[in-house]
Amino acid sequence: MVVRTIPVEDFDLVIFGATGDLAHRKILPGLYRRYLAGQMPPDARIIGAARSELTDDGFRDETRKAIEEFAPKVDKSQLDAFLGQLSYVAIDAKGTGGWEQLKERMRDGVVRAFYFSVAPSLFGDLAQRLSEYGIADDSSRIVVEKPFGRDLESARALNATLAQHFAEKQIYRIDHYLGKETVQNLMAVRFANILFEPLWNAQFVDHVQITVSETVGVGGRGSYYDNSGAMRDMVQNHLMQLLCLTAMEPPYHFDPDAVRDEKLKVIRALEPVSETEIVRGQYQADGGDPGYIDDAENPASRTESYVALKVRISNWRWQGTPFYLRTGKKLRARTSEIVITFKEPPHSIFDESGQKANQLVIRLQPDEGMDLTVMIKEPGPGGMRLMQVPLDMSFADALGTEAADMPDAYERLIMDVIRGNQTLFMRGDEVEAAWAWADPIIKAWEEGKARPEPYDPGSSGPDEALRLMHRDNRRWREIRA
Ligand SMILES: NC(=O)C1=CN([C@@H]2O[C@H](COP(=O)(O)OP(=O)(O)OC[C@H]3O[C@@H](n4cnc5c(N)ncnc54)[C@H](OP(=O)(O)O)[C@@H]3O)[C@@H](O)[C@H]2O)C=CC1
Ligand SMILES: O=C1O[C@H](COP(=O)(O)O)[C@@H](O)[C@H](O)[C@H]1O
């Protein structure tokens, strides 16, 4: 199946931090892929900005190298044509030089978008200068990278700073998990099928597991990560968004505020998490492989590279159905999935039943797809014995497409910015509510003396996390390579 693309309207996109890691690995290769897909109008302009003194050609050369390294397929003539749409202005977010030059480059009558791919400490400076120099107008959009604050107080302050210059409808707070194909599919599965929604509640769901497991460590990003940890880096944002989309009520329409209103209600309904229902872990050195404290270059670090917790949602739909969340680095496999474990039938009519609960596994990555386990009769004349089989669907197989041809999260989200669609971006109140829930957990750790539980690289995390489930007579789904 050919992935359909709907061209967006003409735009000028300024990428602040255009020489940085994120721009090189995701933003610029993503835009190139949209160009190849025919989604970028021929006159659209991409203007790189950073402090480095580069000419337009110098920036194009850097971008060419980045695309050759990070885009899966490169066509030389198409790449040349794409690079022709790029230019560069040297600007210091905290300085005065370059802003007038940028203003002159911007066209009237096209969408103006500004991607803040710089350190969060510069977001306020950029917003202020864009408005002071009259570069952004009422219809311009700003794209704000994560982390959006490091606690409720800083998130509120950042929201307030941005609000001095931009209206909420102009602010696109990125959570790239929302741009992942299967994360959006979660909404399609829930709200476009009659099968699941009647069962999607505490009466029929025993518990939900949300796992985001990574094989990478924090090497190279140690200084950022050590001031963050898994709770701030992953749970407060990505896992929280997955939780919201799994647990929310059907929005009245697939419309930005309708969806975000429902997500916000979920976050507000989260109960405080008891200290006994959270496990923090830190990976250890293994043979020649560095441990977390080596990667973070902080031998005294008590920052968690793993977290598992039991979350309760205090509302009618989910009363009594826990959500177990876990995420960590240097684990056995890279896998992200949501597992809905249903309750067993109330009565078994089979003597040798072997009954197991149905599970719906929504695989976010890799091999995006869905797997529903169902009970059938074991084949043969041996009586009515049951066995569990998977109804397994890989989206790539079902759609007859290659996973590599699907738009990456960043490219989809940037196109949504140009289209002016905020559905897959976080609203300011949502981010603040998520921090209000996470803050007490983080504060208790930071005030306490406990060290995170050690775990071996390549394992599925600390043993304590297994016990978190065993105590409830449940078990995590195995993290499979
Ligand atoms: N890299 C990643 O995988 C991810 C990054 N992010 C977020 O994206 C943002 C960018 O991260 P990343 O690309 O890794 O960072 P880098 O440090 O690699 O790049 C920073 C960019 O900002 C520019 N810059 C620095 N200071 C200024 C300044 N005063 N004025 C203008 N430009 C400046 C740098 O260029 P120069 O020195 O020439 O000015 C460079 O282009 C951060 O908010 C980060 O948290 C979020 C998720 C993942
Ligand atoms: O935002 C982040 O996400 C990545 C994981 O993203 P994925 O798309 O590769 O699953 C994580 O490694 C990083 O620490 C975090 O900042």
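Counting from 1, the numbers follow the sequence of the chain as shown. Whatever order the structure lists them in is the order used to number ligands and atoms, beginning at 1. What you are looking at is a predicted structure, and each value in this text was computed from that prediction instead of being measured. Only this structure's heavy atoms are used, side chains among them; waters, hydrogens and symmetry mates stay out.
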Run through R474, H207, E277 and flag the one making a side-chain hydrogen bond (donor to acceptor under 3.5 Å, both in side chains) with Y324.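 In the set R474, H207, E277, the residue that makes a side-chain hydrogen bond (donor to acceptor under 3.5 Å, both in side chains) with Y324 is R474.
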
Quick one: which of R477, R363, Q209, R480 gives a side-chain hydrogen bond (donor to acceptor under 3.5 Å, both in side chains) with E337?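 Between E337 and the candidates, side-chain hydrogen bond (donor to acceptor under 3.5 Å, both in side chains) is satisfied uniquely by R477.
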
Under-4.0 Å salt bridge between [X] and [Y]:
X    : Y    : result
R412 : D416 : no
E262 : K265 : yes
E214 : K329 : yes
D12  : R105 : no
R427 : D261 : yes

Shortest protein heavy-atom distance from [atom], along with the residue and atom involved:
atom                    : answer
atom 6 (N) of ligand 1  : E145 OE1, 3.8 Å
atom 15 (O) of ligand 1 : D21 N, 4.4 Å
atom 11 (O) of ligand 1 : L22 CB, 4.3 Å
atom 5 (C) of ligand 2  : E214 OE1, 3.5 Å
atom 3 (O) of ligand 2  : H176 CE1, 3.4 Å
atom 25 (C) of ligand 1 : R51 NH2, 3.5 Å
atom 21 (C) of ligand 1 : G17 CA, 3.5 Å
atom 10 (O) of ligand 2 : Y177 OH, 2.5 Å
atom 9 (O) of ligand 2  : R334 NH2, 3.3 Å
atom 45 (O) of ligand 1 : K146 O, 2.8 Å
atom 30 (N) of ligand 1 : A93 N, 2.8 Å
atom 38 (O) of ligand 1 : S52 OG, 2.4 Å
atom 16 (O) of ligand 2 : D233 OD1, 2.6 Å

Evaluate the side-chain proximity of [Y] to [X]: yes if any heavy-atom separation is below 4.5 Å, no if none is.
X    : Y    : result
I174 : Y115 : yes
L122 : F116 : no
R334 : Q365 : yes

Closer than 4.0 Å: a protein non-hydrogen atom to atom 17 (O) of ligand 1: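 Answer no: nothing from the protein, no heavy atom, is under 4.0 Å.
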
Under a heavy-atom criterion of less than 4.0 Å, does H24 contact ligand 1?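 Not so, H24 does not reach ligand 1.
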
Side chains of R260 and Q422: is there a donor and an acceptor less than 3.5 Å apart?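 Side chains of R260 and Q422: pair found under 3.5 Å.
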
Return yes if a side-chain donor-acceptor contact under 3.5 Å exists between D226 and N298, otherwise no.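 Result is yes, a qualifying pair exists.
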
Heteroatom proximity flag, [X] to ligand 1, N/O under 3.5 Å:
X    : value
G20  : yes
V118 : yes
A49  : no

To which of I91, T19, I15, D125 does the heavy atom nearest atom 34 (C) of ligand 1 belong?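 The nearest heavy atom belongs to T19.
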
Roughly how far, to the nearest 0.5 Å, is the OG atom of S213 from the CZ atom of R326?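 Between atom CZ of R326 and atom OG of S213 there are 7.5 Å.
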
Looking at NZ of K330 and OG1 of T215, how far apart are the two atoms once the value is rounded to the nearest 0.5 Å?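 Going from the NZ atom of K330 to the OG1 atom of T215 covers 9.5 Å.
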
Location of contacts on L122 toward ligand 1, heavy atoms closer than 4.0 Å: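 Just the side chain.
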
Under-4.0 Å heavy-atom contact with ligand 1, by part of R25 that carries it: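 Under 4.0 Å from ligand 1, R25 contributes side-chain atoms alone.
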
Taking only heavy atoms of P147 into account, list the atoms of ligand 1 that are under 4.0 Å away from them.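 Once the distances to P147 are compared, the set is 45 (O).
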
Check each atom of ligand 1 against the heavy atoms of D92 and keep those under 4.0 Å away; list them by number with element.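 In order of numbering, the contacting atoms are 28 (C), 29 (N), 30 (N).
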
Heavy-atom pair of closest approach, residues L264 and E430: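 Heavy atoms only, the tightest pair is CD1-CA, 3.9 Å.
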
I'd like to check whether K146 has a polar contact with ligand 2, where a contact means an N/O of the residue lying under 3.5 Å from an N/O of the ligand.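 By distance alone, the answer is yes.
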
For K329, take its heavy atoms, then give the atoms of ligand 2 lying under 4.0 Å from any of them.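 This gives 11 (C), 12 (O), 13 (C), 14 (O) as the contact atoms.
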
Out of all atoms in ligand 2, which are within 4.0 Å of some heavy atom of K180? Include the element for each.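 It comes down to these atoms of ligand 2: 7 (P), 8 (O), 10 (O).
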
